[in-house]
Amino acid sequence: MPILALHSYLVYPTKANEEPPKIGGTALAQSGQLFDLLRSVYDKSETECDIDIAFNPDAEGKQKNSCRDLFVAYLSKPGLPLGRKLAEKLQAVTTGRSGLGLLFLMAGKEGKKHKLVVSRFPADSGILAEQSQEELTVEFIEKIFMKSATSYKAALYADASLSSGFWDGKAVDKQINHGLTVVSEYWIKSFLESDFKLTAAAGTKRLAHAIRAAIRRTESLPIKEELVALARLAPNSKNKRLSVSSLAKKHLSPEAIDALKTEMPNSRCFTEQFTFSEREFEKHIAFESLELDNGAILMAPSGTFKKVFDEIPIKDSDGRSRFSTEAKVIDRRLRKTKT
Amino acid sequence: MSELRIAYENRYEEILTPLAMRLEAFVQAQLSDVSRIVRITARAKNIERFVAKAAKEIDGKAKYDDPLHQIQDQLGVRVITFYLTDIDRVSAEAKTYFTSVEEKLIVPDSEREFDYVGKHFIMFLPNEVFRDDIDPDSAPKFFELQIKTLFQHAWAEANHDLGYKPSSELSKQQRRQIAFTAAQAWGADMIFDQLHCSIGQ
């Protein structure tokens with residue numbers, strides 16, 4: 001899996017009313033410790049970049065995207081000038097909040113596929129300590145670039161066709177879900193001119209339907225209860241990035257996770273990330289109901305079921321409980337079936 | 001037989017036909033709450049039509065140098081609505097569930113002409129349509145979504161057989177007759193839409 005070209009650019013933030021510094025850039029050698037580090041970034045990109053993204057069409061709905069055009073141009077003929085255009089594009093959307101960054105472009109070919117990994121290492125400061133035989137020297141150093149846990153960003157694109165492919169890719173943005181949405185959005189939305197490939201509505205609907213289907217399919221009451229609890233907790237993830245898998249692993253037992261996974265058409269659906277939409281979730285899981293062995297069916301909006309009905313377990317009664325609620329009657333109906 | 005034809009025939013049988021069935025069911029499910037949708041159908045692009053499209057030229061040069069990857073409507077879905085005003089509403093709903101790379105309203109070049117019309121999208125194939133039997137890397141990435149009224153659909157279907165790929169070239173009179181039917185379909189759409197809006201939804 002050869003890397004064919006490596007380029008790096010120092011990208012200063014753009015400040016209002018100031019001419020941004022010119023970007024030089026350099027081609028990097030394909031040997032040495034730096035190459036080994038970048039090689040690792042390149043090789044691990046398939047697992048590390050876990051957010052599916054897609055380039056947006058232009059404002060008129062045409063199949064055109066200026067960032068994609070720059071990527072395709074760079075991949076067609078990787079070189080410093082074409083890479084610099086990407087660095088300038090990143091600079092144009094980088095503000096003081098995001099700070100100085102080091103941009104790396106790594107182009108390669110894997111079988112028939114062209115591959116491009118774009119990564120941004122944020123600047124940091126640190127202390128260099130050197131111990132000689134007689135003394136320790138300690139020095140403050142600025143402009144250290146680290147693949148830090150909290151603000152590293154990268155994107156991966158791989159496709160066989162330069163002309164018609166490269167409309168989707170994968171990204172990693174360690175700032176997402178850390179309460180820094182506005183800051184981190186500049187990478188995916190402003191620089192990459194992209195959005196999440198799976199829409200919020202589609203991903204949330206997938207989750208809601210899977211929970212309902214798993215509850216219907218399983219005969220295990222404990223698993224049903226876990227999945228119901230998940231449905232109650234899910235709205236706490238409002239506007240957060242998640243996948244069915246990440247939410248399930250946070251709240252469910254292995255057996256309940258399996259029950260949910262069984263409702264996925266394939267493993268990609270289980271791990272694909274999306275932004276949770278509370279509104280879409282409520283469209284598909286609006287009510288929670290509880291069927292009792294005395295024929296009673298208790299039903300309430302899923303978000304307030306536990307507030308509407310009090311459940312008091314009865315001691316030594318083989319799992320029986322007393323349910324109570326206090327309210328005014330507003331309607332009474334007769335039905336043909338219980339659901 | 002050309003290599004491309006053989007490759008597409010294999011893709012048609014093994015990949016596109018099963019994907020079209022699943023895509024149809026999936027789009028129907030996603031838009032199940034949307035009112036005034038007459039029908040949602042999906043198809044894999046017919047082999048002859050694909051080969052003909054792949055052979056297209058622009059200014060004497062082949063339009064596609066990699067048709068299997070470049071032709072984006074190998075899978076197509078058509079949503080048929082009652083009225084013109086439904087098209088925007090259905091489009092908005094489709095865009096909440098599917099990600100597009102292209103959106104266009106196809107209208108005749110001139111206001112004096114009557115021809116094919118419709119709202120077309122190029123959208124990413126959703127992951128839901130894949131099972132273990134098909135490797136996503138061997139399938140197209142996109143499908144074409146068309147949203148049309150009943151009249152636009154009826155005209156497009158009839159015209160495709162009669163006027164789009166005729167065994168011999170159409171006469172001037174025949175082309176005028178086809179344009180006349182397009183105008184009639186356009187007019188019927190306008191009247192039904194006005195009635196729908198004035199009588200009430």
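Convention: sequence-line order gives letters A, B, ...; per-chain numbering from 1. No experiment lies behind these values; they were computed from the predicted model shown. Excluded from the calculations below are hydrogen atoms, water molecules and symmetry mates; all remaining heavy atoms, backbone and side chain alike, are included.
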Between A:D168 and B:F124, does a side chain to side chain contact (heavy atoms under 4.5 Å, CB included) hold up when you go through it step by step?
-> CA-CA 9 Å; A:D168 59 341; B:F124 282 101; 3.7 Å; yes

Given side chain to side chain contact (heavy atoms under 4.5 Å, CB included), test A:E280 with B:Y97 step by step and report yes or no.
-> CA-CA 11 Å; A:E280 184 70 25; B:Y97 291 112; 2.6 Å; yes

Decide yes or no on side chain to side chain contact (heavy atoms under 4.5 Å, CB included) for B:K104 and A:K62, but give the supporting numbers first.
-> CA-CA 7 Å; B:K104 60 182 173 188; A:K62 288 186 186 150; over 6 Å; no

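Neither the backbone nor the side chain of A:N65 comes within less than 4.5 Å of any heavy atom in chain B. In this structure, no portion of B:I71 lies under 4.5 Å from any heavy atom of chain A. Of the two parts of B:F98, only the backbone, made up of N, CA, C and O, holds a non-hydrogen atom closer than 4.5 Å to a non-hydrogen atom of chain A. If you measure heavy-atom distances from B:P126 to chain A, you find no contacts under 4.5 Å at all.
Nearest heavy atoms, B:S100 versus A:P57: O-CD, 3.5 Å. B:N127 approaches A:R206 most closely through the heavy-atom pair CB-NH2, 4.1 Å. Listed here is the closest heavy atom pair of B:H69 and A:S164: O-OG, 3.3 Å. B:D66 approaches A:S161 most closely through the heavy-atom pair OD2-CB, 3.9 Å. The minimum heavy-atom distance linking B:E128 with A:P265 is given by the pair O-CB, 3.7 Å.
The distance from the CG atom of A:D58 to the CD atom of B:E102 is 9.5 Å, given to the nearest 0.5 Å.
Of the possible donor and acceptor atoms, one in the side chain of B:T99 sits under 3.5 Å from a partner among the backbone N and O of A:K197. A donor-acceptor pair under 3.5 Å links the side-chain atoms of A:N266 to the main chain of B:F130, judged by distance alone.
The number of heavy-atom neighbours closer than 6.0 Å to CZ of B:R131, taken from other residues, nucleotides and ligands shown, is above 12. Counting heavy-atom neighbours within 6.0 Å of B:F192 CZ, excluding the residue itself, gives a total of 12 or less.
We find that B:D137 and A:K113 are joined by a salt bridge, their nearest charged nitrogen and carboxylate oxygen being less than 4.0 Å apart.
Looking only at heavy-atom pairs under 4.5 Å with chain B, the residue among A:K64, A:K283, A:K205 that has the most is A:K205.
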